[in-house]
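Reading through the structure tokens given below for one structure.
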Amino acid sequence: MASDNEIIQSAVKLVNEGLRVTFPVKGYSMLPFIIGGKESVDLVKPEGLKVGHVVLAWVEDSRYVVHRIISIDGEKVVLMGDGNIAGVEHCLLSDVAALAINVVTPKGKHHDLYAPWRIKASRLWCRLLPVRRWILAIYRRTWLKIIS
């Protein structure tokens, strides 16, 4: 059986060939915008990367993550999961393997990650970092239980 990294590397190869790949997301690090274990993302070549983009990246020479870019300084990129309350990951622009463009629901619907309302919501969410812990706790105890 292939390891997670081997599967991800196969997906990255397809993305580099110009194909769009629908990729499942694990964990809750991208809550509330992407629900791990239930939703997937559509990945494409990472072109025109900007702060706010959600990417698949090889971070700190150890693992792949699907997280949001919070800063770009030359070749240096800082990422953070929307569902994280602390901690960031670091990589180089060359370590960004793919750009997520859509969230794919369990019913197969594709929702644009960069629709105007989602951009505004993610910017607001970033500003709520000091109180994100409590919002996420309520979200996990209510909404995630409802949709499960």
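With Arg63 contributing its side chain and Trp58 its backbone, the two residues share no donor-acceptor pair below 3.5 Å. Arg68 places a side-chain N or O within donor-acceptor distance of the main-chain N or O of Gly52, the cut-off being under 3.5 Å. Remark: the backbone N or O of Leu92 is not paired with any side-chain donor or acceptor of Glu75 at under 3.5 angstrom. In this structure, Asn102 contributes its side chain and Val104 its backbone to no donor-acceptor pair below 3.5 Å.
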(message) Using the rule given for side chain to side chain contact (heavy atoms under 4.5 Å, CB included), can you reason through Leu79 versus Val65, listing the C-alpha separation, both sets of side-chain angles and the distance that settles it, and then say yes or no?
(response) CA-CA 9 Å; Leu79 306 166; Val65 298; 4.1 Å; yes
| task | For the pair Leu128 and Ile135, evaluate side chain to side chain contact (heavy atoms under 4.5 Å, CB included) and give the outcome as yes or no after the intermediate values. | result | CA-CA 9 Å; Leu128 291 174; Ile135 297 169; 4.0 Å; yes
| task | Could you check Leu93 against Asp95 for side chain to side chain contact (heavy atoms under 4.5 Å, CB included), going step by step and ending with a plain yes or no? | result | CA-CA 5 Å; Leu93 277 174; Asp95 294 323; over 6 Å; no
Steps toward side chain to side chain contact (heavy atoms under 4.5 Å, CB included) verdict (Val59, Tyr64): CA-CA 6 Å; Val59 295; Tyr64 282 99; over 6 Å; no
Is there a side-chain hydrogen bond (donor to acceptor under 3.5 Å, both in side chains) between His111 and Thr105? Walk through the geometry before answering. CA-CA 8 Å; His111 298 285; Thr105 68; 4.9 Å; no
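Atom-to-atom distance recorded for His67:NE2 and Cys91:SG is 11.5 Å, nearest 0.5 angstrom. Atom CD1 of Ile34 and atom CG of Leu113 lie 5.0 Å apart (nearest 0.5 Å). The CG atom of Leu136 sits 4.0 Å away from the CH2 atom of Trp125 when rounded to the nearest 0.5 Å. Atom CG of Asn5 is separated from atom OG of Ser10 by 10.5 Å, given to the nearest 0.5 angstrom. Rounded to the nearest 0.5 Å, atoms NE2 (His90) and CE (Met80) are 11.0 Å apart.
In the hydrophobic clustering of ILVMFWY residues, with side-chain heavy atoms under 4.5 Å counting as a link, Ile70 and Leu129 come out together. Hydrophobic cluster membership is shared by Val44 and Leu14, with clusters built from Ile, Leu, Val, Met, Phe, Trp and Tyr side chains linked at under 4.5 angstrom. Criterion: ILVMFWY side-chain heavy atoms under 4.5 Å apart, direct or through other members. Under it, Ile72 and Val78 are not part of a common hydrophobic cluster. Met30 and Val88 are assigned to two separate hydrophobic clusters, defined by single-linkage of ILVMFWY side chains at heavy-atom distances under 4.5 Å. Linking ILVMFWY side-chain heavy atoms closer than 4.5 Å, directly or via other members, places Val131 and Leu124 in a single hydrophobic cluster.
Residues Ile69 and Leu49 have side chains in contact (heavy-atom distance under 4.5 Å, counting atoms from C-beta outward). Proximity of Arg123 to Lys120: side-chain heavy atoms (C-beta onward) are nowhere separated by under 4.5 Å.
We find that Lys26 and Asp4 are joined by a salt bridge, their nearest charged nitrogen and carboxylate oxygen being less than 4.0 Å apart.
A cation-pi geometry, defined here as NZ or CZ lying under 6.0 Å from the six-membered ring centre and within 45° of its normal, does not hold between Arg132 and Tyr139.
Of all heavy-atom pairs between Val66 and Ser29, the closest is O-OG, 4.3 Å.
Each of Leu43, Leu56, Val55 was compared with Leu99 under the side-chain contact (heavy atoms from CB on, under 4.5 Å) criterion, and only Val55 meets it.
Donor-acceptor pairing under 3.5 Å is recorded for the side chains of Thr22 and Asp42.
Within 6.0 Å of CZ in Phe23 there are more than 12 heavy atoms belonging to other residues, nucleotides or ligands.
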